[in-house]
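Whatever order the structure lists ligands and atoms in, that order sets their numbers, starting from 1. What's counted below: heavy atoms across the whole structure, side chains too, no hydrogens, waters or symmetry copies.
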Amino acid sequence: MNRRVVLAARPSALPAPGDFAFAESRVPEPAAGEFLVAARYLSADPLQRWRMDETANYGATIAIGETIWGRMVGEVVRSRHPGWREGDVAEGMLGWQTYALSRGETEKARYAPGVTRVDPSLAPVSTSLGILGMPGVTAYFAMLEICDPRPGKTVVVSAAAGAVGSLAGQIARLHGCRVVGIAGGPEKARHVQSELRFDTAIDYRGSPDLQAALRAACPDGVDAFFDNTGGEVADAVYSLLAKGARVAVVGRIAQLGGKGTRADVQEYILAARARIEGFIVYDYEHRADEARQRIAGWLAAGEVRYRETVHDGIESAPQALIDVLQGRGLGKHVIRID
Ligand SMILES: NC(=O)c1ccc[n+]([C@@H]2O[C@H](COP(=O)([O-])OP(=O)(O)OC[C@H]3O[C@@H](n4cnc5c(N)ncnc54)[C@H](OP(=O)(O)O)[C@@H]3O)[C@@H](O)[C@H]2O)c1
């Protein structure tokens, strides 16, 4: 049987386990031009939560009763597609289910249904959901195309122990920047500094005055801000932007449930003559391979590191997403399917 996670109710802020339900259906047979993928890992990504709202801020929204949209990496177990063979490994937005059909399209439409061929010799296949997948591509292009990292610049990355932030900061370090990471809790801050080798890490949950802690870490101001969270953490960074700063608006996880930012952001942007740019990874799909190859090179050379938090079984998928949103665990959250 194909086990699926479906949307049972729309959450108001943080999802609860009861917002999800499980359904079973027969494993589908591929028609001509299709192949069947058996899931090895499913992905828990913050964007899934935004897709559960009645109106998603971009793209589309998941209907009640529909399989939760989510990324999967798995093995082709049956194929009637000329370009895909049994044993090939595919990654894509194939849903939170144990089996999925694909037509193998690589172009992304509606909510990115295309699939990518995964090379299992590069790294464990779970990385195609993390450092070599959508989060890695996000970190790569938002850092390089928007933050403009150059030697001597001070770059601040929020959610620095997470899937995107951990790589974004390491890329800035590889480009000669002074990198300051912001993460929740002492364990994450230690990880960011000692394992990911950021210059400084600030535990925003344990800092009574985040702005003061940031000012001490960035005495000449912030030249680039990779904003993964919005909310109060972002407010503190905006107030320290240096002249000509670049800001990549990548995520707003702190603003779940309508919690907005309170700072007078316009004042800081104007005073710093800063450039602020929104980023959506799907705009870079056509260049994703370029990012994957470069990141794989850094990985092979030991220049970047990654962590995964592994949840076992499709039943753990809802809690995995709740953990991502609440900041439990390090790095990329994946759900292992037997
Ligand atoms: N624009 C795009 O195309 C794109 C693509 C991928 C991801 N994203 C966004 O990028 C961000 C990071 O994604 P990810 O997959 O790498 O997730 P992640 O960082 O692995 O997980 C989310 C992290 O957000 C932090 N967080 C939660 N609530 C917070 C709050 N109130 N204030 C500050 N931090 C908070 C938590 O870390 P702490 O424990 O440190 O608080 C949590 O670990 C998300 O906002 C996501 O939506 C955007």
Side-chain angles (χ1 to χ4, degrees), residues 13-15 43-53 56-59 70-71 93 108 111-112 129-131 133-143 145-146 156-170 181-193 196 198 201-207 210 214 225-237 247-262 277-285 287-288 291 306-309 311 320-334:
L14 195 69
S43 183
D45 292 290
L47 180 62
Q48 290 171 293
R49 167 60 192 86
W50 304 104
R51 296 278 190 246
M52 291 175 197
D53 285 338
N57 60 338
Y58 63 91
R71 306 193 77 90
M93 188 67 90
K108 311 295 186 204
Y111 67 95
L129 302 174
I131 189 162
M134 183 276 288
V137 174
T138 299
Y140 183 88
F141 286 112
M143 177 54 72
E145 299 280 318
I146 301 180
V156 173
V157 178
S158 54
V164 173
S166 57
L167 179 62
Q170 294 183 85
I182 304 175
E187 189 204 344
K188 284 192 176 181
R190 260 195 307 278
H191 167 73
V192 166
Q193 205 164 335
L196 302 177
F198 286 32
I202 297 172
D203 164 17
Y204 75 93
R205 292 187 206 262
S207 299
L210 176 60
L214 270 165
F225 175 31
F226 193 106
D227 183 2
N228 264 324
T229 69
E232 290 175 10
V233 166
D235 288 352
V237 184
V247 179
V249 177
V250 179
R252 53 190 190 99
I253 197 165
Q255 299 177 198
L256 251 187
K259 274 191 267 163
T261 160
R262 293 172 310 168
E277 191 171 331
F279 176 89
I280 291 186
V281 65
Y282 299 134
D283 295 340
Y284 287 88
E285 279 303 332
R287 292 177 61 192
Y306 70 96
R307 278 285 190 100
E308 288 176 345
T309 296
H311 305 256
L321 180 59
I322 295 167
D323 286 357
V324 170
L325 298 170
Q326 288 198 309
R328 290 197 204 98
L330 289 172
K332 173 68 201 163
H333 287 249
V334 292

Is it true that [X] lies under 4.0 Å from ligand 1, counting heavy atoms only?
X    : answer
M134 : yes
G331 : yes
Q326 : no
Y204 : yes
R205 : yes

Pick, from [options], the option with the minimum heavy-atom distance to [atom].
atom                    : options                : value
atom 47 (O) of ligand 1 : P46, G136, A139        : P46
atom 48 (C) of ligand 1 : V250, D283, V281, D323 : V250
atom 28 (N) of ligand 1 : V233, L325, T229       : L325
atom 18 (P) of ligand 1 : G162, P135, G185, G327 : G162

Interfacing atoms of ligand 1 (cut-off 4.0 Å, heavy-atom, [X]):
X    : value
A183 : 40 (O)
A254 : 30 (C), 31 (N), 32 (N)
I253 : 22 (C), 24 (O), 26 (N), 27 (C), 35 (C), 45 (O)
R252 : 45 (O)
V164 : 7 (C), 13 (O), 14 (P), 16 (O)
G251 : 9 (C), 45 (O)

### Message
Using a plain distance cutoff, I'd like to know if K188 has any nitrogen or oxygen under 3.5 Å from a nitrogen or oxygen of ligand 1.
### Response
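N/O-N/O distance below 3.5 Å exists for this pair.
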### Query
So with a 6.0 Å cut-off around CD of Q326, is the heavy-atom count from everything else above 12?
yes
### Message
Less than 4.5 Å apart, side chain to side chain, heavy atoms only: is that true for R252 and W50?
### Response
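A side-chain contact under 4.5 Å exists here.
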### Query
Is the closest side-chain heavy-atom distance between K332 and P135 below 4.5 Å?
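Side chain of K332 against side chain of P135, heavy atoms only: contact under 4.5 Å found.
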### Query
What closest approach, in Å, do G278 and I146 show between heavy atoms, and which atom pair accounts for it?
O-CD1, 4.2 Å
### Message
If you compare all heavy atoms of S166 against all heavy atoms of A161, which two are closest, and at what distance to 0.1 Å?
### Response
CB-C, 4.4 Å
### Task
Would you kindly specify which portion of E232 sits under 4.0 Å from ligand 1, judged on non-hydrogen atoms: side chain, backbone, both or neither?
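Under 4.0 Å from ligand 1, E232 contributes no heavy atoms.
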### Structural part of N228 in contact with ligand 1, heavy atom criterion under 4.0 angstrom
both
### Task
State the CZ-OG1 distance between R328 and T309, to the nearest 0.5 angstrom.
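Result: 11.5 Å between the selected atoms.
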### Query
side chain to side chain contact (heavy atoms under 4.5 Å, CB included) with S158: which of V237, N228, V250?
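With S158 as partner, V237, N228, V250 yield a single side chain to side chain contact (heavy atoms under 4.5 Å, CB included), made by N228.
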